[in-house]
Amino acid sequence: MSNKEQLTELVTQTRRDIVRMVHAVQSGHPGGSLGCTEFMVALYNNVMEYTPKPFNMDGNNEDIFFLSNGHISPLFYSVLARAGFFDISELSTFRKLNSRLQGHPTTHEHLPGVRIASGSLGQGISVAVGAALAKKMNNDTHTVYVLCGDGELQEGQIWESVIYAAAKKVDNIILTIDLNGQQIDGATKDVLPIGDVRQKFDAFGWQTFHMANGNNIDEVISVLNDAKKACGNGKPIAIIMKTEMGAGVDFMMGSHKWHGIAPNDEQLQTALAQLHSTIVDY
Amino acid sequence: MTKHTVLDNKDTRSGFGAGLLELGKTNPAVVALCADLTGSLKMDAFAKEFPDRFLQCGIAEANMMGIAAGLTIGGKIPYTGTFANFSTGRVYDQIRQSIAYSGKNVKICASHAGLTLGEDGATHQILEDIGLMRMLPGMAVINPCDYNQTKAATIAIAKYDGPVYLRFGRPVVPNFTPTDQVFEIGKAVIMNEGSDVTICATGHLVWKAIEAIEILSHQGIQCDLLNLHTIKPLDETAILNSIKKTGCVVTAEEHQLNGGLGDAVAQFLSRNLPTPQEFVGVNDSFGESGKPEELMVKYGLTSNAIVEKVLAVIKRKF
């Protein structure tokens with residue numbers, strides 16, 4: 001999908017899915033999901049090469065994506081469903097008993113599009129590095145994408161994987177860090193400041209890209225394309241993506257408050273009034 | 001009594017190294033990963049022969065487990081190698097989420113398990129790893145008894161689709177299982193037959209049990225000995241058949257009594273055929289520095305300890 005209007009419509013529809021899914025079960029994580037919507041929609045509809053059906057777990061000869069910050073599953077599920085991995089009607093089962101759409105993504109229920117369980121933070125980059133190495137061994141020139149949060153950078157395993165990927169020249173991986181400055185207990189600068197993320201990744205030997213506004217679809221596509229062009233140059237790639245937690249819903253923006261709580265009926269209506277249905281609700 | 005001949009004396013970790021090297025030659029999907037313990041794990045030969053399929057991960061076990069999980073997604077069969085402590089307790093959540101729950105075909109190969117690691121002491125002598133691993137849904141847990149069996153197990157698990165914990169050790173011990181013995185995951189090897197008592201042993205304690213059987217035979221006691229190299233899935237049929245004949249059981253392992261083979265056998269029997277049972281293992285204690293054999297004596301993991309438990313359990317028969 002290269003038409004900007006179509007992509008923008010899909011972004012809005014995805015945001016509607018997120019707030020409706022979280023509202024329906026009164027649980028889940030809308031904040032980070034809304035913040036990364038432009039990124040995920042652009043990635044799956046403009047950047048990555050893949051076949052949604054039949055879903056191939058090995059992901060050979062296609063681009064693959066890992067979600068390390070698994071709590072933004074409402075976004076992941078909506079994007080996968082609307083990309084054709086499974087029917088959008090299944091979004092209504094999110095977080096309910098016997099659903100394939102678990103609170104955090106898993107392969108355990110065989111949901112097409114998911115290649116690893118995530119939720120316990122800090123593990124996704126390592127997995128992506130493994131998948132990227134397998135691609136190299138298989139002479140598969142496709143790219144491995146992985147998304148993690150900025151609070152997640154507090155996990156030690158992240159830095160093990162960051163050291164490894166640079167040292168071993170894993171240059172077919174594009175990591176995006178959602179720099180929204182928020183985590184459950186408050187602003188990241190107050191909970192445990194992580195310093196200058198870009199400087200850190202530069203110092204660790206990654207090639208970095210700055211995305212000043214990850215909620216601008218043009219900029220998202222442009223930076224992702226630049227990153228893709230940089231693959232194969234001996235360095236892993238990191239995109240430092242500034243986003244607004246809760247983007248698209250005014251009362252959810254600007255704080256950590258909506259990291260992991262659901263809107264009530266009234267709040268849902270307020271949110272949906274700001275997100276006009278553009279395609280069709282699930 | 002079945003006669004078991006010591007072919008030679010070797011460490012089980014060398015059996016792993018030999019098995020891995022053979023796999024490298026026969027199965028191009030096999031990839032080995034190590035966290036700065038290549039020599040200790042006897043992975044050098046594989047690393048030298050197949051440098052493109054050997055990933056030196058440095059002292060970063062969590063990342064190694066994640067990379068292994070990721071490699072399976074491209075169709076590889078990763079074998080991770082480090083000490084048992086760093087293969088389990090240190091990386092439990094990584095194994096739980098990225099490997100076990102995700103159903104990834106990773107072979108977690110763990111050396112220096114138990115007390116026989118020796119002088120390095122309790123920080124490195126994990127005695128809880130079997131318990132940790134058998135609690136994870138879908139995880140197979142294997143603890144071979146000697147060099148030949150470890151080599152055979154290393155090769156066999158490549159054909160098993162799913163996560164496996166393969167546990168072995170550091171010391172040089174008797175190598176007595178046949179070179180050509182086929183390793184069947186989940187199938188006990190009957191090492192001796194007798195009708196007075198069942199001994200279920202795993203790992204280094206299998207040879208101790210063979211020594212105990214010799215001592216007991218002079219007292220007129222005939223033992224069934226099951227080499228339970230696979231703790232999960234447990235060979236319930238073999239255990240049940242033996243207990244029906246003997247009516248009592250002694251379990252023996254280089255592990256805590258909590259969570260290990262003894263627990264697995266007791267849990268199975270309590271539901272199916274409640275049976276007097278005695279346990280040889282470490283009783284809710286950490287280890288300490290010392291020579292492997294000194295430690296085995298101090299913590300009661302000897303052939304004499306098995307003999308004592310056999311005499312005790314026979315008196316408790318219903």
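Quick caveat, the model's predicted, so the values are computed rather than measured.
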Scored by heavy-atom pairs under 4.5 Å with chain B, the best of A/Q123, A/M137, A/Q157, A/K168 is A/Q123
| message | Checking side-chain polar atoms at under 3.5 Å, does A/H256 have a donor or acceptor matched by the opposite partner on A/Q183? | response | no
Is NZ or CZ of B/R53 both nearer than 6.0 Å to the six-membered ring centre of B/F50 and within 45° of the ring axis?
yes
Highest number of heavy-atom pairs under 4.5 Å with chain A among B/G75, B/A69, B/G138, B/A68 belongs to B/G75
Review point. Where the side chain of A/T107 meets the backbone of A/V114, is there a donor-acceptor pair that is under 3.5 Å apart?
Key: no
Bottom line for A/K136: the part with an atom under 4.5 Å from chain B's heavy atoms is neither
Of the listed B/I99, B/V31, B/I73, the one with the largest count of heavy-atom pairs under 4.5 Å with chain A is B/I73
If one checks every heavy atom of B/Q56 against chain A at 4.5 Å, the contacting part turns out to be both
| request: May I ask you to check whether A/D63 and A/Y145 show a side-chain donor-acceptor distance below 3.5 Å? | output: no
For B/Y160 and B/A140, the nearest pair of non-hydrogen atoms, with its separation, is OH-CB, 3.9 Å
So, the part of B/D93 with a heavy atom under 4.5 Å from chain A: the answer is both
